Amino acid sequence: MSSALAGSVRARYLVYFQYLGTAFNGVVAVKGTQPAIGVQNFLEEAAECLNSVEPVKFTISSRTDAGVHALSNSAHLDVQRHSGQPPFSPEVLVQALNTHLSHPAIRVVRAFRVPSDFHARYQATSRSYLYRLATGCPRPDQLSVFERNLCWALRANSLDVDAMQEAAQHLLGTHDFSAFQSAGSPVKSSVRTMLRATVSPGSASPFVSPLESRGLQFWNLEFESQSFLYRQVRRMTAVLVAVGLGVLTPDQVKAILESRDPLGRHQTGVAPAHGLFLMAVQYPGLRNQGPNVSGPVDYHPQDLCVL
């Protein structure tokens, strides 16, 4: 055992973080010299200033594609401090990471100490996604700059929301969702249990004036499951929008689901990434999993970084 490891204490943390996905090639780190980069690259770069004995690696709970946003994604990480140094408190860890994050579209919002065998991906009990739609927008330049890249703007003036809600009911429960899976991420099973699938009125950004939003109607599509297949939410959204536009009926959505055919005529569409938000990742036994960190912390950068 090296002298650096002797007497050192390894602590595992669960961290929640948020990001606007517009500038990133997804959440997972991009390796090599590619110009594209993931949210994880910036998180691990910030973690270098924790001066861990071993490099800090983030194990992401929920992968999101390029352009997809997250109000609350999560990851676990290990920090191994040098001999004689106690583990960081969760509050200090949050402030340290935020202080050294070099991209303004990422923020760590909360942290918890967890057991050494805790796994952010495999121990999540549910994940919730929100997809935002806007109707009544025949031209992209009619959408406020405060809503661009944050919703799917449809030219249609209205949607048959009752039909969409009826169709969404067919998605509830345990099914083989192969028909809504995109190629590129092989899994052992395409069976998933949909806990929630709803369509409801939404609202515009508070920074959008009534004059700008005149004629626009926002809608929220929300989905909850323990886990999802690759692009499943965006493909389900595309099918539900087709129902809202009168292209499909609710019964056809049921037939698509039962077909288990991802290459069928009506289910190959994928809703744009920029309307999708990962809203929450839940774990058993953790209280106050919300986004707020309360109270001041005693954080001294000089104690962490090798400058």
Side-chain angles (χ1 to χ4, degrees), residues 11-31 36-52 55-79 87-115 118-130 132 149-150 224 226-228 233 273-284 286-295 297 299 301 304-305:
R12 178 160 293 188
Y13 300 87
L14 169 67
V15 297
Y16 286 93
F17 57 99
Q18 58 187 203
Y19 48 89
L20 286 171
T22 307
F24 305 111
N25 192 48
V27 66
V28 176
V30 176
K31 298 179 181 180
I37 199 160
V39 173
Q40 185 180 357
N41 292 101
F42 289 97
L43 290 170
E44 291 181 353
E45 177 188 67
E48 291 175 6
C49 271
L50 297 173
N51 196 22
S52 177
V56 174
K57 299 297 180 185
F58 282 67
T59 298
I60 308 293
S61 74
S62 308
R63 294 193 173 197
T64 57
D65 289 338
V68 176
H69 317 290
L71 271 71
S72 185
N73 203 338
S74 61
H76 76 253
L77 62 143
D78 293 328
V79 181
F88 295 119
S89 70
E91 294 79 11
V92 167
L93 179 75
V94 168
Q95 189 169 346
L97 291 172
N98 283 329
T99 297
H100 298 287
L101 271 169
S102 60
H103 201 293
I106 309 170
R107 175 176 173 256
V108 178
V109 293
R110 198 167 180 85
F112 296 88
R113 279 288 302 274
V114 291
F118 178 90
H119 199 287
R121 179 181 176 188
Y122 299 126
Q123 290 181 234
T125 55
S126 79
R127 295 166 171 86
S128 300
Y129 283 89
L130 163 71
R132 298 183 70 238
N149 296 319
L150 297 175
E224 181 181 359
Q226 182 176 7
S227 62
F228 291 87
V233 173
H274 57 254
L276 183 60
F277 297 76
L278 173 60
M279 296 294 291
V281 184
Q282 297 290 332
Y283 297 93
L286 281 181
R287 297 182 178 180
N288 300 321
Q289 297 180 47
N292 296 320
V293 178
S294 60
V297 297
Y299 166 58
L304 304 181
C305 301

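Model, not experiment: these values are computed from the prediction. We're numbering straight along the sequence, starting at 1. Values below: all heavy atoms of this structure, side chains included; hydrogens, waters and symmetry mates excluded.
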Criterion side-chain contact (heavy atoms from CB on, under 4.5 Å) on Val108 and Leu93, from CA distance to verdict: CA-CA 9 Å; Val108 178; Leu93 179 75; over 6 Å; no
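Between His69 and Phe277, the ring planes are tilted. Angles from 30° to 60° get that label. Using the six-membered ring where Trp is involved, Phe24 and Tyr19 have ring planes that are perpendicular, over 60° apart on the 30 and 60° scheme.
For Ser61, the side chain to side chain donor-acceptor pair (under 3.5 Å) partners are Asn73, Ser74, not counting sequence neighbours. For Arg132, the salt bridge (charged side-chain N to carboxylate O under 4.0 Å, His left out) partners two or more places apart in sequence, or in a different chain, are Glu147. Residues meeting the salt bridge (charged side-chain N to carboxylate O under 4.0 Å, His left out) test with Asp78, sequence neighbours left out: Arg12. Residues satisfying the side chain to side chain contact (heavy atoms under 4.5 Å, CB included) test with Glu44, not counting sequence neighbours, are Gln40, Lys57, Phe58. For Arg121, the side chain to side chain contact (heavy atoms under 4.5 Å, CB included) partners are His119, Arg127, not counting sequence neighbours. Under the ring pair (Phe, Tyr, Trp, His ring centres under 6.0 Å) criterion, Phe228 pairs with Tyr129, not counting sequence neighbours. Take Phe118 and apply the ring pair (Phe, Tyr, Trp, His ring centres under 6.0 Å) test, not counting sequence neighbours, and it matches Tyr283. Residues passing the side chain to side chain donor-acceptor pair (under 3.5 Å) test with Thr22: none are found, sequence neighbours excluded. Ser52 is linked by a side chain to side chain donor-acceptor pair (under 3.5 Å) to nothing, counting only residues two or more places apart in sequence or in another chain. In terms of the ring pair (Phe, Tyr, Trp, His ring centres under 6.0 Å) criterion, His274 has no residue partners (sequence neighbours excluded). Here Ser227 pairs with Arg192 under the side chain to side chain donor-acceptor pair (under 3.5 Å) rule; sequence neighbours left out.
A heavy-atom distance below 4.5 Å is found between the side chains of Asn98 and Arg107. By the 4.5 Å heavy-atom criterion applied to side chains, Leu276 and Thr64 are not counted as neighbours. Residues Val27 and Val68 are not in side-chain contact: their nearest non-hydrogen atoms beyond the backbone lie 4.5 Å or more apart. Considering only heavy atoms from C-beta on, Val109 stays 4.5 Å or farther from Leu71 through its side chain.
For the residue pair Glu224 and Ser128, the shortest heavy atom distance occurs at CG-OG, 3.6 Å. Of all heavy-atom pairs spanning Leu278 and Ser62, the tightest one is CD2-CB, 3.7 Å.
One distance of note links NE2 of His76 with OG1 of Thr59; it measures 3.5 Å at 0.5 Å rounding. For the atom pair CD (Gln282) and OG (Ser72), the distance works out to 8.0 Å, reported to the nearest 0.5 Å.
Applying the salt bridge (Lys or Arg N to Asp or Glu O under 4.0 Å) test to every pair with at least one member in residues 13-29, sequence neighbours left out, gives no pairs at all.
For the pair Arg113 and Tyr13, the cation-pi test (distance below 6.0 Å, angle within 45°) is passed.
Each of Val39, Ile37, Leu43 was evaluated against Asn41; a single residue qualifies, Ile37, per the side-chain contact (heavy atoms from CB on, under 4.5 Å) test.
Under the 3.5 Å distance criterion, the side-chain polar atoms of Tyr16 are matched with a main-chain donor or acceptor of Val281.
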